[in-house]
Amino acid sequence: MSSYNLLSEPIRKYIAEQNWSELRPIQNAAIQRILTTTDNYILSAKTASGKTEAAFLPILTDVDFSESGVQVLYISPLIALINDQFKRIEELCEHLDIVITKWHGEASQSAKKKLIKNPNGIVLITPESLESMFCNRSHEIPHLFSNLKYVVIDEIHYFDGTNRGVQLNSLLYRIQKRANVNFRLIGLSATIGDLESIKKFGGRPLDTKVLKDSSSKPTSVSFKYFESKGGNNYNLDLIKDLFKEVYNNKVLIFPNSRGKVEEITHYLLKISKQGNLHTNFFAHHSSVDKSLREYIENFAKTNTYSPFSICCTSTLELGIDIGSVDKVVQIDSTFNIASLVQRIGRSGRKDGQESKVVLYNTNSWFLLQSIAIWELYQQGVIDSKTNAVYPFDILVHQVLSVIRSRNGITQNELINYFEQNYSFEHVTAIQIEQTIQSLLEKQIIEQTGQELLISLEGEYIVNSKDFYSVFESEQMYKVIHQNIVIGELPLNPMLSEESKFLLASRVWRVILIENDSKKIIVQPANSGDKPTFYGGPVDISHIIKEKMLEILISKQEFDYLDQASLDALKILRDEFAVYKLVNYKIDRPLKHDVNKTELYTFASSKINRTICLFLDFNGIKNDYNDLENSIILKLTTAQDLYKLFSKFNIDSKEINLYLKEVIEENPNIIDFSKWGKYLPINQQVSLLLDAYYSVEETLQFLNNIELKENIL
DNA sequence: GACCTGCTGCGGGTTG
C-alpha cells in the first residue's frame, strides 16, 4: 500500500489542499514505517525537506485525539522554534479537532491552566519547562501524560552529547515512571554525527531506527582570503569586498562572535550610507533585545524584494523561520561541521535553488580549518559531541529535582529510581549514594525519619528560577535608551560612564550605570568600540584537527580557493615541508627554535588540554595555542619528550590525587559545570577527567605519534 | 580567537 493511502481522510484532504505534487522521500518513508511498526524513529534529512510533516502526518493519523490526556509532546530547544512550529502544526490540524498548547516561559498562563483543567491534544514544550512541571506541578503529571502516545524531539542533534541532552533524557524517563506510560519517540534533525548516541534518547536504542535522506542540495562555494594585520581588526579590503558581496542580496553573515557581529554591521552600514544605498543591515545575537531580534526575523520573513544583510551568531543557525536567503557568508571557520551544515541550509531553501556560501578567512590557520571542515562536509562526515560517561553534575541536579518533586522520598527509593534511569546508565548505586551523602553533608538536603527532604538552605537553590536549566548564565545589565531596552551586556571594567560601545548596530554612550536595578542608561553617539563579551573557548574535534594536518602535508588542490587563499595555504605548507611528514595519523612536527620547542599536536582541544594537564602534573611549564595546534615548551628533544610521554602512563590514582589537590587549591576549576560544586570531591575529579579532560584517548594518542624534528 | 539555549507563582494593578 502506498504511504498516502495509509493516511487518514482529513490528512489526505489537507495534502490535497496544499497542491503538493508528491510527498517527499523522508515523508513517504516516515509514514510507512511509523504506521506499520512500533519502533522509535530518528528522521534525518536536509533543511526544508518537510521533516515536521514527516513526523506529524502519520502521528495525526495514528492517534485518537478524542481520548483525554496529552497525546503528543513536542520538545524543542528554543522558544522561537516552538512559536514557529505552533503555527505549522495548527495548519496541519485544520480539519481535525485537536487542541494545541504552547508551554514555555513566555507562553500564556491561561492556556496552561486550561490544559491542566482538561489535558488533551498536542503540547509544545522546552526541557526547562518540563523540568518546572515536575518541580511545581508534580501531582498533575499522571493526569497530564498517562495517555501520552508520542514524543517528538526537534533538532535532536542539538541536545546530543550535551548536559541539556542528559537532562532531557532523564525527564523522559521521569515521565514514563510518574505517568506509568510508554510512548514512541520521533527525533528530527538535519545533521546527525553519532547515530548510536542519538538512538539512546527515549531509552530504547535497540528499537530506535534511523530514516535518513542523504540527498543534499547542490552548493556553490567560494573561499576568499584577507589577512588581518595586527590586532583583531578586520582588513579594510575584506569589509569592502564583503559589502560588494552582500549589498544587493539577501544574506546571512556569520562572523563567530557578538563583538564582531557589531563591528561588521557597523562598517557595512557606514559604507552603505556613504553611497546612499539601503540601510537594511542588522545585528542579531543573544545580547540584542528579544523584541528587536523578532523585528529583524519578521523583516526577513515578510520582505520579498529588498536586499538585506543580517549579521549574526548561532542565534540564526537552527530552524527559526526567516524565509530564504540568497547566500550565506561565513567569516573564519565554524567550530564544528554541523554548524556549517546548518548555516549553509539557510540559503536556497526553495526547490531547485542551490545553496550559496562564501567563506572568508583572516589568517592561514583559520583558512586551513575552514578547508578541513568544508572537505569533511563534502565527504558527508559530521563531528559529534560526547557526553560524560558519568554525568554526576546532572545527576545531582536531577536528584534535587526528584526530592523536590516527590516532597520526600527514602534514600533507597531514590537510589533505585536513578539506577534504572537510562540517562545515567553507567552510574552505580554506590555512586548515587555518594552523591546523596554529599548533598546531606553540604546541608542542601536533610533526612527526617526515613525521608529525604530539601533543607532550608536547599530551598533557596531549588526555588530559584535559575534551577530549571543545567547551564550557567551570567549576570547581565539591561541597556536602555528612552525607556526602550536595546539589549543586555555583562558589566565589565571597561564599561564606565561616558564610555562608548556598539550594540544592535548602533553606537551608544553610557550616561548612567544603575547597579541596583542592573541597568545601563545610554544615549546615541557617533563612534565607539565593539563591546566586550566574556566567552570561553570552543572545543574543536579530533577529526577536524587531523584533517587539517592531512591537507597541510598533501599536495591536494582545491578549485574553490581564490589566489590569496592559495598563496596563504602555500606559505603554511612550505613552513611545514621541512618536517617531511608522511602519515597524518602518526607524524607530528616538533619545532626547535632558538629558546623554545613547539609540539604541533593536530589533536582535539580535549586531548591538548589533557597533555597540558600531564605536563603541569610533571612540573613542566607549557603554553598552549589551540588554533595553531601547538604546545610551547622550554627547549627539549624528541627523545626527552618520548621519555616524558612514557611517564604519562601513570597510575590513575596519582592523577586523581593530583586533581584533588588542584580542586582544593582552586575550587573554581569545577565551575565549568553549573552543578559540579555540590558533588563530593571524588566525583568532581571524575567529572573533570570525564567531561573536561580525556585521559585514555590522550595516552593512546601519545603512544601512537612519531615526532618529526626540524634541524636548527 | 571565544556560540547558544531557559525560567514559577503570586499578588496587585489595569482593561474590556
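Below, read A as the first sequence line, B as the second, and so on, with proteins coming before strands; counting in each chain starts at 1. All of these numbers come straight from a predicted model, not from anything done at the bench.
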Nearest-angstrom distance from the residue atom [atom1] of [X] to [atom2] of [N]:
X        : N     : atom1 : atom2 : answer
A:Leu171 : B:dG6 : CG    : P     : 16 Å
A:Asn83  : B:dT5 : CG    : P     : 14 Å
A:Glu628 : B:dA2 : CD    : C1'   : 15 Å
A:Phe467 : B:dG9 : CZ    : C1'   : 16 Å
A:Arg164 : B:dG6 : CZ    : P     : 6 Å
A:Ile125 : B:dC7 : CD1   : P     : 9 Å
A:Asn363 : B:dA2 : CG    : C1'   : 14 Å
A:Arg404 : B:dG9 : CZ    : C1'   : 10 Å

What nucleotide, of [options], holds the atom closest to the side chain of [X]?
X        : options             : value
A:Tyr158 : B:dG9, B:dC4, B:dA2 : B:dC4
A:Leu78  : B:dC7, B:dG6, B:dA2 : B:dG6
A:Glu128 : B:dG6, B:dA2, B:dC4 : B:dG6
A:Phe471 : B:dG6, B:dC7, B:dG9 : B:dG6
A:His285 : B:dC7, B:dC3, B:dC4 : B:dC4

It should be established whether [X] places a side-chain nitrogen or oxygen under 4.0 Å from OP1 or OP2 of nucleotide [N].
X        : N     : result
A:Arg137 : B:dG9 : yes
A:Thr315 : B:dC4 : no
A:Thr313 : B:dC4 : yes
A:Arg258 : B:dC4 : yes
A:Ser286 : B:dC4 : yes
A:Lys260 : B:dA2 : yes
A:Arg293 : B:dT5 : yes
A:Ser464 : B:dC7 : no
A:Thr126 : B:dC7 : yes

Scan [X] against the nucleic acid and name what it touches under 4.0 Å (heavy atoms): base, sugar-phosphate only, or nothing.
X        : result
A:Tyr468 : sugar-phosphate
A:Asp466 : base
A:Ile79  : sugar-phosphate

Do the side chains of A:Ile331 and A:Phe254 get nearer than 4.5 Å, heavy atoms only?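 The answer is no; the side chains never approach within 4.5 Å.
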Do A:Ile631 and A:Glu598 have side chains that approach each other closer than 4.5 Å (heavy atoms only, starting at C-beta)? no
Within a 6.0 Å radius of atom NZ on A:Lys301, are there more than 12 heavy atoms belonging to other residues, nucleotides or ligands? yes
Result for 5'-nearest mapping on DNA chain B, choosing between A:Asn136 and A:Asp539, is A:Asp539
Does A:Ser473 contact B:dG6 through a side-chain donor or acceptor facing the base, at a distance under 3.5 Å? yes
When the ring planes of A:Trp374 and A:Phe223 are compared, do they come out parallel, tilted or perpendicular, using 30° and 60° as the limits? perpendicular
Residues A:Glu128, A:Arg164: salt bridge by 4.0 Å N-O rule: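 Salt bridge flag = yes for A:Arg164 with A:Glu128.
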Is a side-chain N or O of A:Ser339 found less than 3.5 angstrom from the main chain of A:Asn336, in a donor-acceptor match? no
